[in-house]
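One-based numbering along the sequence shown. Atoms within a ligand are numbered from 1 in the order they appear, just like the ligands themselves.
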Amino acid sequence: MRKPFIAGNWKMYKTAAEAESFAEEFKKLYEPSDVRVAIAAPFTQLWALKKAFEGTGIGLAAQNMHWEDQGAFTGEVSAPMLKEIGVDYCIIGHSERRQYFNETDETVNRKVLKALEAGILPILCCGESLETRDAGDQNAFVEAQIRADFAGVAAEDAKKVTVAYEPIWAIGTGRTASPEQAQDMCGFIREVLKDIYSEDISEEITIQYGGSVKPANASDLMNQDDIDGALVGGASLKPADFIEIIHF
Ligand code: 13P
């Protein structure tokens with residue numbers, strides 16, 4: 001059975017001091033449950049959060065990584081560097097990275113393969129723009145992303161990947177996909193994964209929805225058959241809001 005998995009994506013918010021005060025408040029409110037929880041913080045906050053979350057069961061995620069272990073790549077951070085400080089997950093291929101930093105399915109795929117090799121669990125983002133949805137091409141678009149991003153990933157490793165479906169038109173806009181729209185796409189993604197791998201594998205892969213998830217809409221989204229979790233942006237910045245979502 002798939003366990004619910006709720007991850008917060010802080011994006012480029014919070015200093016290390018702010019992250020520490022978040023962690024103190026969050027730990028007071030957090031009670032371990034059946035729901036898997038992680039926070040994806042900027043690189044400079046990961047160390048402080050690792051220490052703050054010690055022994056709590058709260059997972060730690062990075063928001064990006066490079067596909068090489070080391071090299072002349074100024075400004076980049078590699079999987080072994082993240083692994084050394086105890087990072088559990090890494091968001092890969094977020095639409096903001098695809099949009100503003102020229103990430104392509106090819107680089108996303110390299111990162112997914114490297115994360116798996118390094119023992120870091122990828123949270124692989126996919127999702128269409130408003131233009132693509134308005135043209136009715138969203139399924140073909142997301143299918144192409146999934147097929148390209150999973151290229152060369154072995155079946156046993158595929159189970160370790162979390163797919164986050166984040167329609168770009170719902171990110172930071174307050175315009176959430178309806179539970180039906182989100183379910184339709186998450187169900188479709190599972191069909192694509194079944195076609196690539198097998199029914200058994202596709203049933204084991206966690207699929208999150210992301211895009212304006214809030215305390216008020218979390219349970220409707222989480223109650224859909226193929227939605228196993230959420231990737232939460234803005235609402236993960238406040239401990240009380242994020243806790244409410246975890247307790248959907
Ligand atoms: P918001 O929840 O702020 O819409 O962001 C979603 C997101 O991009 C999470 O990765």
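- Under 4.0 Å from ligand 1, heavy atoms of I171 appear from its side chain as well as its backbone.
- Residue-level proximity to ligand 1 for A170 is carried by the backbone, the only part with a heavy atom below 4.0 angstrom.
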**F242 and Y30: CA distance, side-chain angles, deciding distance, ring pair (Phe, Tyr, Trp, His ring centres under 6.0 Å) verdict** = CA-CA 10 Å; F242 193 46; Y30 177 74; 9.1 Å; no
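- Ligand 1 has no atom lying under 4.0 Å from any heavy atom of A235.
- Checked against a 3.5 angstrom limit, the closest N/O atoms of N9 and ligand 1 fall inside it.
- Donor-acceptor pairing under 3.5 Å is recorded for the side chains of E166 and H94.
- Looking from atom 5 (O) of ligand 1 to the surrounding protein, the closest heavy atom is K11 NZ, 3.2 Å.
- Residue E166 has at least one N or O atom closer than 3.5 Å to an N or O atom of ligand 1.
- Because its NZ or CZ atom is both nearer than 6.0 Å to the ring centre of W10 and within 45° of the ring axis, K14 counts as a cation-pi partner of that residue.
- A donor atom on one side chain and an acceptor atom on the other are not found under 3.5 Å apart for T206 and D228.
- For ligand 1, the atoms sitting less than 4.0 Å from at least one non-hydrogen atom of G234 are 1 (P), 2 (O), 3 (O), numbered in the order shown with element in parentheses.
- Put simply, no part of G210 is less than 4.0 Å from ligand 1, judged by heavy atoms.
- Counting only heavy atoms of the protein, atom 2 (O) of ligand 1 lies nearest to G233 N, 2.9 Å.
- Counting only heavy atoms of the protein, atom 4 (O) of ligand 1 lies nearest to G172 N, 2.6 Å.
- Not a single heavy atom of K214 sits closer than 4.0 Å to an atom of ligand 1.
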